[in-house]
There are 2 protein chains.
Amino acid sequence: MTDTRWLDDDEQRAWLRTAAVLELMPGALDAQLSRDQDLTHFEYFALASLSEAPERTLRITELATMTNATLPRLSRVLTGLEKTALVERSACAEDRRAKNVTLTEAGWAKVVAAAPGHVENVRQLVFDRLSDEQVEQLSAITEALLGELDPQGRMFASSR
Amino acid sequence: MTDTRWLDDDEQRAWLRTAAVLELMPGALDAQLSRDQDLTHFEYFALASLSEAPERTLRITELATMTNATLPRLSRVLTGLEKTALVERSACAEDRRAKNVTLTEAGWAKVVAAAPGHVENVRQLVFDRLSDEQVEQLSAITEALLGELDPQGRMFASSR
DNA sequence: AGGGTATAGTTGTAGATGCAACCATGAGAG
DNA sequence: CTCTCATGGTTGCATCTACAACTATACCCT
């Protein structure tokens, strides 16, 4: 048990602000999407992930990994999205334990409808306030953090 | 309704990474605290906020503002913390609608016990991976974001 | 004073989420 | 072959959270 290496003033300030952003941002993202499109940010992210997959289809487990969801959570969210006909579950030929989820036409239309408002929101919340230089810095910083948070790159299967 | 200003490649990359950090960090913070101290990050943050207040006491509403919690949520969390004798509620003399929450001795001891592990965790997750320059950049970036997310500085009553 | 409105806090209730238990299928060892 | 163990997915249950309704008190205006 060694002595604690406390945060110095700069680190302290950076952390307090980061923690505040961490606390506030999810609500800001959810607010716009649920107000305008009756979607949570998680649902949007899941639909968007499907929309970029080949055949707009993924294994449930694969989607869970990409969205950092537990399987039970995703299972119930999919049940909800199935009720509004945005996705469909189907059996998986290669592995009969598994299932595929596919984005329906209505689901695709939903993503297309939701994307502009979401992007506009992200712009207002983030990019309108940052210089080009800061965007680069943010990119490098978050990449470094993901080295610890997500060493396998689970949330970046497609984008790497 | 004007055309959407889509994100360019740099912005896209920065946002994907930022969204991933936003998704993963809360779990990483909660995991350490609940494993080692049987506290959620929210509970820790509330206790820590009380520990820095004058008399280790705050109005419930004030604490709710500082922690970005709704009043019902905070009310129930306080009930839990009261059960383990980490805080105490008491009537407020100046306004008989209001109540004060005070950190007990046991609550103070809990914060003292929890802080080193939490700081160590934040170090591993964040500062060990960033250069001094990047810490400064992160500070400036998050400050800019809070300008939109928290224009009143609600989460920074004490630290500004 | 008296009435209307706003604020502080708690509680009812419904929806979301995690953990653990469960069922079905697959993969490997003998 | 079949026994054992691992994996994919769903469901039960406990907990957490938000929204709305409610009580009590304060403030304001006449």
Side-chain angles (χ1 to χ4, degrees), chain A residues 22-35 38-46 50 57-84 87-102 152 154, chain B residues 22-35 38-46 50 57-84 87-102 152 154:
Chain A
L22 243 22
E23 180 65 44
L24 294 164
M25 187 69 80
L29 296 173
D30 276 334
Q32 179 270 326
L33 280 165
S34 66
R35 173 169 40 78
D38 195 32
L39 286 177
T40 63
H41 182 250
F42 177 77
E43 290 169 330
Y44 175 79
F45 192 64
L50 282 175
T57 298
L58 287 170
R59 290 283 194 82
I60 289 184
T61 294
E62 197 176 355
L63 182 57
T65 302
M66 291 171 59
T67 57
N68 190 43
T70 59
L71 230 23
R73 178 186 181 192
L74 182 58
S75 180
R76 288 184 232 247
V77 169
L78 290 178
T79 300
L81 293 173
E82 228 174 359
K83 262 177 205 149
T84 47
V87 303
E88 275 173 357
R89 281 189 251 230
S90 57
C92 176
E94 303 92 42
D95 184 340
R96 288 186 2 219
R97 292 171 301 183
K99 290 183 189 167
N100 292 322
V101 216
T102 304
Q152 320 302 324
R154 293 156 54 261
Chain B
L22 242 22
E23 180 64 44
L24 294 164
M25 188 69 82
L29 296 173
D30 276 334
Q32 180 270 325
L33 280 165
S34 66
R35 172 169 38 80
D38 196 31
L39 286 177
T40 63
H41 182 252
F42 177 76
E43 289 169 330
Y44 174 80
F45 192 64
L50 282 174
T57 298
L58 288 169
R59 292 282 194 83
I60 289 184
T61 295
E62 196 175 356
L63 182 57
T65 302
M66 291 170 60
T67 57
N68 189 42
T70 60
L71 229 23
R73 178 187 180 189
L74 182 58
S75 180
R76 287 182 227 248
V77 169
L78 290 178
T79 300
L81 293 173
E82 228 173 0
K83 261 177 207 149
T84 49
V87 303
E88 274 173 358
R89 281 188 252 229
S90 56
C92 175
E94 303 93 42
D95 184 341
R96 291 189 355 223
R97 292 171 300 182
K99 290 183 189 167
N100 292 321
V101 216
T102 304
Q152 321 300 325
R154 294 156 52 258

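The chains referred to below are lettered A, B, ... by the order of the sequence lines, with proteins before strands, and numbering in each begins at 1.
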(message) As a test of understanding, state which of A/T102, A/N100, A/T79 forms a side chain to side chain donor-acceptor pair (under 3.5 Å) with A/R89.
(response) A/T79
(message) Treating A/D30 as the side-chain partner and A/T40 as the backbone partner, does any N or O pair qualify as donor plus acceptor under 3.5 Å?
(response)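 Side chain of A/D30 to backbone of A/T40: no pair is present.
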(message) Give me the atom names and distance for the closest heavy-atom approach of B/A46 to B/T67.
(response) CA-CG2, 4.2 Å
Could you give the [atom1]-to-[atom2] distance, from [X] to [N], as a whole number of Å?
X	N	atom1	atom2	result
A/L63	D/dG9	CG	C1'	13 Å
A/L78	D/dG8	CG	P	15 Å
B/H41	D/dC16	NE2	P	17 Å
B/D30	D/dT15	CG	P	17 Å
B/R73	C/dT13	CZ	C1'	18 Å
A/L39	C/dA16	CG	P	12 Å
A/L71	C/dC19	CG	C1'	13 Å
A/D38	C/dA16	CG	P	10 Å

(message) Below 4.0 angstrom, which residues in residues 87-100 of chain A have at least one non-hydrogen atom near DNA chain D?
(response)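 Heavy-atom cutoff 4.0 Å gives A/R89, A/R97, A/A98, A/K99.
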(message) Can you work out whether A/R59 or B/F42 has the more 5'-proximal nearest nucleotide on DNA chain D?
(response)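 Here A/R59 is the residue nearer the 5' end.
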(message) Strictly below 4.0 Å: does B/S75 bring a side-chain N or O up to OP1 or OP2 of C/dG9?
(response) no
(request) Determine whether any donor atom in the side chain of B/R76 lies under 3.5 Å from an acceptor atom in the base of C/dG12, or the reverse, and answer yes or no. (result) yes
(message) Measuring from atom CG of B/L29 to atom CG of A/L22, what distance do you get when rounded to the nearest 0.5 angstrom?
(response) 6.5 Å
(message) Working note: A/M66 + A/L58, criterion side-chain contact (heavy atoms from CB on, under 4.5 Å); need CA distance, chi angles, decisive distance, verdict.
(response) CA-CA 10 Å; A/M66 291 171 59; A/L58 287 170; 3.8 Å; yes
(request) Give a yes or no on this: more than 12 heavy atoms of other residues, nucleotides or ligands lie within 6.0 Å of atom CG of B/D95. (result) yes
(request) Find out whether A/H41 and A/P26 are in side-chain contact, i.e. whether some heavy atom of one side chain is under 4.5 Å from a heavy atom of the other. (result) no
